[in-house]
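Worksheet for the structure shown next.
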Amino acid sequence: MRPLIAGNWKMHGSLRASVALAESVRAGADDLAAELLVCPPFPYIQAVAMSLLGQPVAVGAQDCHPAVQGAHTGDVAAPMLRDCGATHVILGHSERRAGHGETDVVVKAKGAAAIAAGLTPVICVGETLAQREAGQAEAVVRAQVAGSLPDGFAEAGGIVAYEPVWAIGTGKTPTEADIAAIHAALRQAVGPDTRLLYGGSVKPANAAAILALPHVDGALVGGASLIAEDFLAIARAAG
Ligand code: 13P
């Protein structure tokens with residue numbers, strides 16, 4: 001499976017900085033073994049997609065609403081994202097599960113909307129530190145996968161990202177054995193064809209070791225994706 005290195009830009013940057021970052025990523029994107037995806041904030045998606053038109057860097061969003069359209073003030077529908085040039089959408093990120101009360105049921109509905117709009121969903125799962133310390137990491141992740149993946153997910157090329165909540169933005173990562181164990185469980189749950197990304201403090205220094213683990217088909221990168229050289233170094237580490 002061709003690895004995918006995805007950048008989640010979260011709520012960072014400006015219009016000018018986002019286009020500049022996209023162009024710097026594009027400049028290093030030729031001849032990589034990995035596919036690249038960047039996910040800017042909503043207002044910058046179209047400009048970034050325009051600057052990457054025809055280039056080997058895909059553009060995604062960080063969320064969508066389950067409805068096609070309607071009276072949902074402040075929300076964005078999946079077809080609107082497609083219209084603006086996005087091909088992917090991150091769903092169920094822990095920052096949305098925790099900060100916006102998104103449940104598995106909501107994430108599943110968003111995933112179905114994404115697929116219906118022709119977007120590839122990147123559905124995030126991951127345990128909290130308390131859950132890991134209680135020995136529940138694998139059970140939590142299995143339950144999230146069972147509850148959050150919509151029908152037709154595998155057929156639509158859906159992607160799952162394992163992001164332990166306690167590893168996000170902290171500089172901490174699980175041991176290689178712990179990542180491998182969760183990814184083996186995920187592989188069993190989703191089947192052979194679904195890409196499994198690891199996310200949580202992926203940096204150029206740890207990327208090669210993480211990306212070499214079995215059933216790790218790429219990375220979902222936060223902080224390091226805001227620096228083109230770091231993001232590209234991670235991509236090169238994918239082989
Ligand atoms: P960091 O790479 O900053 O830890 O963020 C990971 C993440 O949340 C990507 O979605």
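Note that ligands are numbered from 1 as they come in the structure, with each ligand's atoms numbered from 1 the same way. Below, each value reflects all heavy atoms present in this structure, side chains not excepted, and no hydrogens, waters or symmetry copies. Not measured: the values here are computed from a predicted model.
- Linking Ile, Leu, Val, Met, Phe, Trp and Tyr residues whenever their side-chain heavy atoms come within less than 4.5 Å leaves Ile115 and Val106 in two separate clusters.
- Counting the atoms of ligand 1 from 1 in the order shown, those under 4.0 Å from a heavy atom of Gly223 are 1 (P), 2 (O), 3 (O).
- At least one heavy atom of Gly200 sits closer than 4.0 Å to an atom of ligand 1.
- Contact check on Glu102 versus Lys108 returns no salt bridge, with no Lys/Arg side-chain nitrogen under 4.0 Å from an Asp/Glu carboxylate oxygen.
- Residue contacts with ligand 1 include Lys10, since one or more of its heavy atoms lies under 4.0 Å from the ligand.
- Those atoms of ligand 1 that come under 4.0 Å of a heavy atom in Leu220, given as number and element, are 9 (C), 10 (O).
- With ligand atoms numbered from 1 in the order given, ligand 1 contributes 7 (C), 8 (O), 9 (C), 10 (O) to contacts under 4.0 Å with heavy atoms of His93.
- Remark: Lys110 does not engage Asp75 in a salt bridge, criterion side-chain N to carboxylate O under 4.0 Å.
- The two atoms that bring Leu21 and Ser225 nearest to each other are CD2-O, 3.8 Å, heavy atoms only.
- Take Asp104 and apply the side chain to side chain donor-acceptor pair (under 3.5 Å) test, not counting sequence neighbours, and it matches Arg97, Ser148.
- Using a 4.0 angstrom heavy-atom cutoff, Ala167 counts as in contact with ligand 1.
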After noting the C-alpha distance and the side-chain angles of Tyr162 and Glu127, does the key distance pass the side chain to side chain donor-acceptor pair (under 3.5 Å) rule?
-> CA-CA 9 Å; Tyr162 168 53; Glu127 81 285 357; 2.9 Å; yes
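- Taking distance alone, with nitrogen or oxygen atoms compared against 3.5 Å, Glu95 stays at or beyond that limit from ligand 1.
- For Gln62 and His93, the side-chain atoms include no donor-acceptor pair closer than 3.5 Å.
- The heavy atom nearest to atom 4 (O) of ligand 1, out of those in Gly7, Ser225, Gly169, Gly222, is found in Gly169.
- Within the structure, the closest approach of Ala224 to ligand 1 does not fall below 4.0 Å when heavy atoms are considered.
- Cluster membership check: Val165 does not share its hydrophobic cluster with Val140, using side-chain heavy-atom separations under 4.5 Å among Ile, Leu, Val, Met, Phe, Trp and Tyr.
- Near Glu163, meaning under 4.0 Å from any of its heavy atoms, are these atoms of ligand 1: 6 (C), 7 (C), 8 (O), 9 (C), 10 (O).
- Under 4.0 angstrom from ligand 1, the non-hydrogen atoms of Asn8 all belong to its side chain.
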